[in-house]
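Quick notes on the structure that follows.
For this chain, numbers begin at 1 and follow the sequence in order.
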Amino acid sequence: MMKKRAVFLDRDDTLIRNIPYLGDPSRVEILPGVREGLPRLKEAGLELFLVSNQSGVGRGLITEAQVHAVNEEMFRRLGAGLFSGLYLCYAAPEDPQGVRERKPSPTMLFRARDENNIELAESFMLGDRLSDVRCGLNAGCCSVLVLSGYEDAEADKRQAQDLAHHVAADFCGAVDWILSRMLET
């Protein structure tokens, strides 16, 4: 069976505006270019996976049900059938489980690979933070940093830009670059 290619997508400040510990689905705001870009990736034959740290659950600030409701609202607004899977880590950063599973650990990407027959070396991790870039690199993916979201501390932002395979000003630019890379291989 032929392995599939994928794009692993961070949620907050990559697909939707980051509201810390968002638990209210009515506050979901899709970022510019996402509605147009995701179908282009899907039509190119890429599997799409949401990969997100949601430490608010581990910190007791929101519930798994609230995270689920926010994700369902995001999926509803984006349109059915775009995502092939959803991988979340609810642990707080200081939790031993968090150390093993939270991005930048590649654990969630490895699970997606094993459960969906994904070729990580031909796949992409797209996010707005240093932890997203490192997660992709740690999994053997091509890492794409999008600058339209939350800004890390200046040192982390510079490091993310230095480590990423590509830095895009916005989501559409990231999609264009991913699709151009696919044509090269």
Working for salt bridge (Lys or Arg N to Asp or Glu O under 4.0 Å), residues Arg76 and Glu72: CA-CA 6 Å; Arg76 186 190 69 74; Glu72 287 302 312; over 6 Å; no
All pairs passing ring-ring contact (aromatic ring centres under 6.0 Å, His included) where residues 79-101 contributes a residue, at least two apart: Phe75-Phe83
Same cluster (ILVMFWY, side-chain, under 4.5 Å), [X] and [Y]:
X      : Y      : result
Phe8   : Leu38  : no
Leu86  : Val7   : yes
Phe171 : Leu179 : yes
Met74  : Leu22  : yes
Leu109 : Leu48  : no

For residues [X] and [Y], determine if any side-chain heavy atom of one lies less than 4.5 Å from a side-chain heavy atom of the other.
X      : Y      : answer
Glu101 : Pro96  : no
Phe124 : Cys141 : no
Met125 : Leu9   : no
Ile178 : Leu41  : yes
Leu31  : Leu15  : no

Residue list, side-chain contact (heavy atoms from CB on, under 4.5 Å) with Ser84, at least two apart or on another chain: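 Partners of Ser84 under the side-chain contact (heavy atoms from CB on, under 4.5 Å) test: Lys42, Glu47, Phe49.
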Asn53 side chain to Arg11 side chain, donor-acceptor N/O pair below 3.5 angstrom: no
Considering non-hydrogen atoms only, spot the tightest contact between [X] and [Y] and give its length.
X      : Y      : result
Leu163 : Arg134 : CD1-NE, 4.1 Å
Cys135 : Ser105 : SG-O, 3.5 Å
Ala164 : Leu145 : CB-CB, 4.0 Å
Leu78  : Leu82  : O-CD1, 3.5 Å

Greater than 12 external heavy atoms within 6.0 Å of Arg27's CZ: no
Flag the pair [X] and [Y] as a salt bridge only when some basic side-chain nitrogen lies within less than 4.0 angstrom of an acidic carboxylate oxygen.
X      : Y      : value
Asp12  : Arg129 : no
Arg17  : Glu29  : yes
Asp132 : Lys103 : yes

Side chain to side chain contact (heavy atoms under 4.5 Å, CB included) assessment of Leu147 paired with Asp170: CA-CA 6 Å; Leu147 297 177; Asp170 56 28; over 6 Å; no
Using only atom types and a distance under 3.5 Å, with no angle test, would you say the side chain of [X] pairs donor to acceptor with the backbone of [Y]?
X      : Y      : answer
Ser52  : Asp10  : no
Arg35  : Gly79  : no
Asp24  : Ser26  : yes
Ser123 : Ala6   : yes
His165 : Ser143 : yes

Stepwise salt bridge (Lys or Arg N to Asp or Glu O under 4.0 Å) test for Asp95 and Arg102: CA-CA 10 Å; Asp95 181 321; Arg102 284 176 54 83; over 6 Å; no
Gln66 and Tyr21: CA distance, side-chain angles, deciding distance, side chain to side chain contact (heavy atoms under 4.5 Å, CB included) verdict: CA-CA 10 Å; Gln66 287 174 302; Tyr21 312 117; over 6 Å; no
Derivation and outcome, side chain to side chain contact (heavy atoms under 4.5 Å, CB included), residues Val146 and Leu126: CA-CA 7 Å; Val146 63; Leu126 172 55; 4.1 Å; yes
Steps toward side chain to side chain contact (heavy atoms under 4.5 Å, CB included) verdict (Cys89, Met108): CA-CA 8 Å; Cys89 180; Met108 291 187 280; 4.0 Å; yes
